[in-house]
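Have a look at the structure below, then the notes.
Here is the naming used below: chain letters follow the sequence lines, and residue numbers restart at 1 for every chain.
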Protein chains: 2
Amino acid sequence: MTLAQRSPTEKPDTDALALEGFLPYRLARAAEIISRQFATLYRERHGLTRPEWRTLATIGQFKRITATEIGAHSSMHKTKVSRAIRALEDRNWITREIDQTDRRIEHIELTREGRSRYRDLVVLARTYEARLIDTLGETGAGQLEAGISAIETRIGEA
Amino acid sequence: MTLAQRSPTEKPDTDALALEGFLPYRLARAAEIISRQFATLYRERHGLTRPEWRTLATIGQFKRITATEIGAHSSMHKTKVSRAIRALEDRNWITREIDQTDRRIEHIELTREGRSRYRDLVVLARTYEARLIDTLGETGAGQLEAGISAIETRIGEA
DNA sequence: CTGCCATGGTTGCTACTGCAACTGTTATGT
DNA sequence: ACATAACAGTTGCAGTAGCAACCATGGCAG
């Protein structure tokens with residue numbers, strides 16, 4: 001089941017497209033592999049989903065923040081953010097406080113428990129990232145980062 | 001809504017993690033952007049979903065193939081493949097033929113219509129990829145590819 | 001040949017996703 | 001001041017996902 005190299009018996013056609021060489025596919029696949037690997041860590045350790053992890057990471061990064069800002073910062077649709085916030089609130093990892101001068105807005109902060117979890121998550125993330133870079137090698141990791149940067153700067157939006 | 005640079009008012013904490021600098025996040029985001037861009041093309045033009053596109057691309061690449069092989073080649077769960085195959089069959093883009101020596105296996109091929117669609121999809125894909133590489137620049141694209149290769153070779157599976 | 005395990009593919013169930021529509025609130029134009 | 005638009009956040013809904021259980025078939029050991 002190692003896939004790309006597990007080529008079927010029939011021979012490829014000349015003017016066919018090789019999926020395994022198609023850049024968008026390769027990028028999607030690579031991201032998926034990394035994402036899953038890392039997700040396993042925080043899921044097993046803290047029972048978080050991907051949107052919840054991103055939300056928590058964003059709240060921890062800015063001590064006080066609104067839902068809209070979380071979405072903007074973490075590239076998530078507002079419904080995802082809304083549901084993640086509720087889930088985190090239900091666990092008492094965060095609190096909301098309605099802004100008194102503009103009551104549409106809620107300011108979100110970590111609770112004591114939330115801060116504790118966040119600190120652990122940060123260590124987990126840094127460790128995973130370090131291990132990843134080590135696995136890829138300085139060169140490979142550097143190239144990957146440069147390539148991503150190109151996408152970030154040359155292609156603005158989702 | 002350009003996000004990463006749309007930083008909230010509060011200042012980051014020193015021992016917080018900067019999500020926008022976290023490699024797994026950046027990779028996931030980059031892949032998402034590209035994936036969505038490309039998906040818009042084949043969705044608008046042929047009404048295909050992402051699993052359907054991958055499935056069709058794989059069938060077209062190998063003229064005759066089984067469902068399991070499709071999954072292995074395109075990194076998709078077998079249920080995704082199963083459902084994509086059914087959808088494509090319903091549109092008469094593919095046919096199934098049960099192997100007579102092992103009746104568990106179905107051999108899948110494109111119909112005339114399917115081949116026509118596939119040819120168009122290949123052009124679409126090549127064009128998009130070329131445009132993407134052009135946008136990223138030879139250097140950026142090369143680095144991205146090298147980085148992805150590092151992941152592919154150093155980290156085997158999903 | 002017979003019982004048991006493995007394999008190819010499908011389906012039921014539950015969770016997650018995004019879109020659009022909604023509520024409540026603030027900003028704007030006249 | 002009042003109608004209308006814009007905005008923050010939530011919810012209903014319809015599609016899509018993955019897991020596990022399933023069916024049918026075939027391989028293999030005794």
Rounded to whole Å, how long is the line connecting atom CZ of R36(A) with atom P of dA17(D)?
12 Å
side-chain contact (heavy atoms from CB on, under 4.5 Å) filter on A141(B), not counting sequence neighbours, yields I133(B), L136(B)
Please check the phosphate of dC16(C) (OP1 and OP2 only) for any side-chain N or O of K80(A) closer than 4.0 Å.
no
Between the base of dT25(C) and the side chain of R103(A), is there a donor and acceptor pair under 3.5 angstrom?
no
Less than 4.0 Å between a side-chain N and a carboxylate O, is that true for R26(A) and E152(B)?
yes
Side chain proximity check, I70(A) to F62(A), heavy atoms < 4.5 angstrom
no
Looking at T79(A), I'd like to know whether one of its side-chain N or O atoms comes within less than 4.0 Å of OP1 or OP2 on dC19(C).
no
Yes or no on ring pair (Phe, Tyr, Trp, His ring centres under 6.0 Å) for F38(B) and F22(A), after CA distance, side-chain angles and deciding distance?
CA-CA 12 Å; F38(B) 180 52; F22(A) 185 52; 5.2 Å; yes
With a cut-off of less than 4.0 Å, is there a side-chain N or O of R86(B) near OP1 or OP2 of dG9(C)?
no
R104(A) or V81(A): which one's nearest nucleotide on DNA chain D is closer to the 5' end?
R104(A)
Check the phosphate of dT10(D) against R83(A), side-chain N and O only, distance under 4.0 Å to OP1 or OP2. Yes or no?
no
Any side-chain N or O of S82(B) less than 4.0 Å from the OP1 or OP2 oxygen of dT10(C)?
yes
Whole angstroms only, please: what is the CD1-C1' distance between I65(A) and dG9(D)?
15 Å
Identify which one of R86(B), R91(B), R43(B), R117(B) satisfies the salt bridge (Lys or Arg N to Asp or Glu O under 4.0 Å) criterion when paired with E52(B).
R91(B)
Within the structure, does a side-chain N or O atom of H77(B) lie under 4.0 Å from either OP1 or OP2 of dC19(D)?
yes
Taking CG from D99(A) and C1' from dC7(D), how many angstroms apart are they, rounded to a whole number?
14 Å
Stretch residues 43-55 of chain B: residues that reach within less than 4.0 Å of DNA chain C through a heavy atom:
none
Closer than 4.0 angstrom, basic N to acidic O: yes or no for E109(B) and R96(B)?
no
How many Å lie between CE on M76(A) and C1' on dG9(D), as a whole number?
14 Å
Could you give the CD-to-C1' distance, from Q100(B) to dT25(D), as a whole number of Å?
13 Å
Expressed in angstrom and rounded to an integer, what is the separation of I70(A) atom CD1 from dG9(D) atom C1'?
12 Å
Rounded to the nearest Å, what distance is computed from the CG atom of residue D102(B) to the P atom of nucleotide dA6(C)?
17 Å
Rounding to an integer number of Å, can you tell me how far K78(A) NZ sits from dG18(C) C1'?
11 Å
Under 4.5 Å between side-chain heavy atoms, hopping through other hydrophobics if needed: is there a path connecting L121(A) to I34(A)?
yes
